[in-house]
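Written out below as structure tokens is the structure these notes cover.
Atoms within a ligand are numbered from 1 in the order they appear, just like the ligands themselves.
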Amino acid sequence: MNDHYPFVNESLPYAYNAMEPFIDEATMHLHHDKHLQTYIDNLNQALSKYPHFQSWTLTQLIFNTPSLPEDIRTAVHNNGGGVFNHRLYFSILMNPAPQHPTGALAETMQIEYGSYQAFQNQMKTAALSIFGSGYAWLVVNAAGQLRIITTANQDTPLTMGLCPLLNLDVWEHAYYLKYHNLRTDYIDNWFRIINWDQADDAYRQCLRMLLP
Ligand code: MN
């Protein structure tokens, strides 16, 4: 993974039409090639004036934004967040996908939420509650517990001390071409294309990191 300046928009790990019929090919092109590309270009543009920070990784930039030069702080916050959030969003999709969580994550979800269905309902409610642009997330908190949270714009959970497992992009650009105003249908279909094995890997990594 390309992880410092100049950031590069790596190819999707699947074909643009791979998520059909749940996410359409045109949306994938627009989302990856235009929206994510713009965040990458803007992040590179901000860092281009400051060679000192060009060796910093994406997460270093996100965690240490307050120590960056004042004139690029907002750009790095928004565009660095945009790069991180979109890379996670695209990486967690697969089709066909397991239709339920797997491994240790499945066991914890059963304990904390009672059932996968109960988790899904809470995740969906969270995603529908976002006013404007943002994301719903499944994260692990500092106590090692699963939590569903929402963030606005391109904020990330990293700076909140949370370790993200997966995210659902509910910016209109993520679904409007196909679903128009029907965010709820997009959310229902997103649950059908989650790479739960990868989320389980991320879960175990988060636990190792948070609970040494
Ligand atoms: Mn997006």
With a 3.5 Å cut-off and sequence neighbours excluded, list the donor-acceptor pairs that the side chains of residues 160-169 form with protein atoms.
| from | atom 1 | to | atom 2 | distance (Å) |
| --- | --- | --- | --- | --- |
| Asn167 | OD1 | Tyr89 | N | 3.2 |
| Asn167 | ND2 | Asn85 | O | 2.9 |
| Asp169 | OD1 | Trp171 | N | 2.9 |
| Asp169 | OD2 | His31 | NE2 | 2.9 |
| Asp169 | OD2 | His86 | NE2 | 3.2 |

Worksheet entry | Within the 6.0 Å centroid threshold, strictly below: Tyr16 and His29 | yes
Discussion item. So does Pro21 get a backbone contact from the side chain of Lys178, meaning a donor-acceptor N/O pair under 3.5 Å?
Written reply: yes
Worksheet item: Does Arg147 reach the main-chain N or O of Asn141 with its side chain, forming a donor-acceptor pair under 3.5 Å?
Response: no
Item to complete: Can you list, by chain and residue number, the protein N, O or S atoms under 2.8 Å from the Mn ion (ligand 1)?
Response: His31 NE2, His86 NE2, Asp169 OD2, His173 NE2
Worksheet item: Can you say whether the rings of Trp56 and Phe53 are parallel (under 30°), tilted (30 to 60°) or perpendicular (over 60°)?
Response: perpendicular
Worksheet item: Hey, does the side chain of Asp200 reach the backbone of Trp196 with a donor-acceptor pair shorter than 3.5 angstrom?
Response: no
